[in-house]
Structure formats: structure tokens, C-alpha cells
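Below you'll find the structure, written out as C-alpha cells, and then a few comments.
Residues: numbered from 1 along the sequence shown. Atoms within each ligand, like the ligands themselves, are counted from 1 in listed order.
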Amino acid sequence: MEKISALAKRRGFIFQDSEIYGGYQGFWDYGPVGAELKNNIKREWWKSMVYDREDVVGLDAAVIMNPTVWDKSGHLKAFTDPLVECKVCHRRIRADNEEEIKAHEKEHKEKVSWSEPKTFNLMTEVLLGTTEPKEKAFLRGEITQGVFTNFKNVTDSTRVKIPFGIAQTGKAFRNEITPGNFTFRSREFEQMELEYFVRPDDKESKEQFEYWKSARMKWYTDLGIDKEKLRFKDHEPDKRAHYAKYATDIEYEAPFGWSEFEGIHHRGDFDLKNHNLTYKDNLTGEEYTPWVIETSGGVDRALLFFLIDSYREEGERVYLSLSPKLAPYKVAVFPLLANKPELVSKAREIYNLLKKEIVVVWDDRGNIGKRYFAQDEIGTPWCVTVDYQTLSDNSVTIRDRDTAKQERMEIDKLNDYFKSKLG
Ligand code: GAP
């Protein structure tokens, strides 16, 4: 994890929030390449969940909602974490985190005893308005409720018919008492969620649940995560969220242990019923409360696990073997020598040509070895170098990140070559 967090800072993936003032626990900023990677994750997700399907539409709801929403959704009462407090140093740890509890006990010479578990609500309060008392509202604890409160708006304004889904990405906030493991548990994070509405039927909803479990697992493996490091973990009844009929996590074997990537939840009719919403089948006239299968992933966790999983060390060489679809830059272009105007201007020409079609970066710092070193650490799949031969035969070298092998190619063929590689 130290290597990952050092690389993330060195190359501009992730910075500590408010670092110049000592940081702020549980908050992180994404740097130039981190923002690209994050956008690429969300774009790939949106493509597979919305564009590649006919039965899913998108939504972008507000972060702050009428506080009644959180009362009806059960979050004000039940969105809690049970914590135990170390009686020696008063540190609080989640009562279900046995590993952390054991590790903490080793930090003290004396025998540690713990308080009884106490529950803490995770909702983040905000105060709105100018007159006192200000109105108390909440930053959303999950992005999901905006989908339910807009259920009728979506069915009235589009042609969706059950079964159908509403997809959304966006920020969520939780007053986590123990943020940690780099960005894994933060107080501000982004989610990518699908709420898939089905008929209230045990068999049908179970089939959809199984379907979405494998679809979501496939999404991660298609984007390159090692299959051996992924698994499903069913929630025991006492660990299920208050809204879940049953639930499974997709877990990744991180350096800090098997950890939740994404939750697949059968939410039954919990939310729509509490919001008093129903669905009317216009053909049959039948009216009922649909059940909901939810896939809820974390963009920040996905980004962290993509970084960890793609990290490679080969002797002195460190590189990120990110899927080209996710890589912040697809191609880096450089002149062999930055102080030779004829090479620089030819390289600029190629850079401008490729830039029209794909995300390309210009790099002319230091020597060529340093540039390869930097682009490897960013995960740029291909580097194009303009050298003296280019000036005579219009060919360049393409260097592959994963094999470090180079081949020569004519400039005219570059665009098609990269586009075919990117799929
Ligand atoms: N709408 C359902 C829901 O919010 P969840 O299991 O509480 O379910 C879903 O959260 C996903 O959101 C998690 O699998 C994780 O990827 C991400 N997530 C939750 N809490 C997080 C936190 N404190 N920091 C970063 N990501 C978090």
C-alpha cells in the first residue's frame, strides 16, 4: 500500500485533501491523471450499464434532498455503524472489524478491554438558510434515494417498462468514524449504481439478482482485474443493510485483506413502499410495487483496486498494466531530443494528428529513458517516438508498455492502429 500511495502522489493520481494545511481525514483529491482514470471508469460503467442496453436509462439527482426522504428511507434510524471503544486510549473501531480490533490490542502493553458496541449514525448533517435556527438537511448517504424519488418522473417521461433500470453515478457522504486504508473508506466518495425494477416475484427477482451478480463480476474481469483476486461474499442476515432482503458483495483481495468492491442487493419493495410509490402497467392496467435489484459500486474503490491490481515491478521497472480503456492517456508522443527543432516540430504534428481521435499526452522532459519511466508509472499503453529516421521515411517507433518492445510504423497507419487496439 505504501508503494501504491507513493506512486499515486508522485504521478498525480491521488493527493491528500487540503494537504497544505495538514490534510483532512477521510477526504482525498484526484490529480491530473487520477481525474482521467476516474472519468474513464465512470465512462466504461455508463457504457456497459446504459448505452449497451435498451432497458436502462440514466439520472443525475441532487446531492441534498428534502430531509423527509431520509426519514422514509430509514437512514436516520438505521444507517448506523456499531462501534466499540478501547478503554485504554478511547479509540473507536467498528465492532465487526475483528482484524482491526486484534491489531489494536497488540498496540498496548496492558490487556485491552472494550466498551459495549454503541451505534453511530453515518449521515452527514448540513445547515441551510440564513435565519436562525438554520434548517438541518443531509448530504446523501447513498446516491440511491434520488432514483426512487424520481421513479414516477422517469416512468412518466420515458417509455421504460418493467423490467427496467435507472443508472446513476455521483458523490455520497458518510460520517465514517474510522476512515482509512488510503481511499478505501472515505467520508466523501463516489458511487456508480443501478436500480433495476422487477415484478414482485421471488423467482424472477432471484434470476435478476444472479444475472446482475455475474454481469458486474464480468465487468471487473473484462477490465483486467485478476479473477483470482475476486470473489463473492454473501451477507449474513445480521450484517445486511436495513433495506436488504438479501445481499452479496464483490470482494477484492487487497493488501489489507478481502474487501468490498461493490454490493449487489435485493432491496425488495422496501424503498418504493416507504415512499408510497407504485407502478402501473399501461397495457394490463395492473398496479403494484416493484421490487428492486441494486448493483452499487464505489468509483474510488474501483480506482484504488485497479491501481493495486495493475501494479507491476520488473527489476528496476515499475509499470501499471491498466486496461487501455482505463489508462489516463492512451498514447504519449515525444521527440527523441527535445532541443532539436526538426524533431520537435514533426513530433508536434503527430501529436496534433492523434489528439483529434484519442487521448494523447505530450512529453519532452529529461531523456527518453525518463519519459518511458514516467509513462510506465502512469500506465500509458504506448509511447511514440520521433527520431531522425522519421524525417527521412515518415515512420516512428511505438513502444509497448507491457512488453517494453518497440516496433516501427508509418505515421499514416498510427490512427487506425491505436483505434483497433482500443476496440
Ligand atoms: N445504495 C447501496 C449502498 O450504498 P453500500 O454497500 O453501503 O450500498 C456501496 O455502498 C458501495 O459504495 C460500496 O461497495 C463501496 O464501493 C462504496 N462505499 C461505501 N462506503 C464507502 C466509503 N466510506 N468510502 C469509499 N467507498 C464507499
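- If you check which protein heavy atom lies closest to atom 12 (O) of ligand 1, you get Gln191 NE2, 3.2 Å.
- Of all protein heavy atoms, the one lying nearest to atom 18 (N) of ligand 1 is Phe189 CE1, 3.5 Å.
- Heavy-atom contacts of Gly263 reach the following atoms of ligand 1: 14 (O) (cutoff under 4.0 Å).
- Residue, atom and distance of the protein heavy atom nearest to atom 15 (C) of ligand 1 are Arg301 NH1, 3.4 Å.
- The proximity of Arg187 to ligand 1, defined as any non-hydrogen pair under 4.0 Å, does not occur for either the backbone or the side chain.
- Of the protein's non-hydrogen atoms, Ser296 O, 3.5 Å is the one closest to atom 11 (C) of ligand 1.
- Annotation: atom 17 (C) of ligand 1 to nearest protein heavy atom, Gly298 CA, 3.8 Å.
- Ranking the protein heavy atoms by distance from atom 25 (C) of ligand 1 puts Phe184 O, 3.1 Å first.
- Taking every heavy atom of Glu294 and a limit of under 4.0 angstrom, the matching atoms of ligand 1 come to 1 (N), 2 (C).
- Listed by number with element, the atoms of ligand 1 under 4.0 Å from a non-hydrogen atom of Glu262 are 14 (O).
- Annotation for ligand 1: atoms under 4.0 Å from non-hydrogen atoms of Ser186 are 22 (C), 23 (N), 24 (N), 25 (C).
- Close approach of ligand 1 to Thr144 (heavy-atom distance below 4.0 Å) involves ligand atoms 1 (N).
- Only the side chain of Tyr243 comes within 4.0 Å of ligand 1, judged by heavy-atom distances.
- The protein heavy atom nearest to atom 6 (O) of ligand 1 is Glu260 OE2, 3.1 Å.
- In this comparison of Glu142, Glu193, Arg174, Gln145, the heavy atom closest to atom 5 (P) of ligand 1 sits on Arg174.
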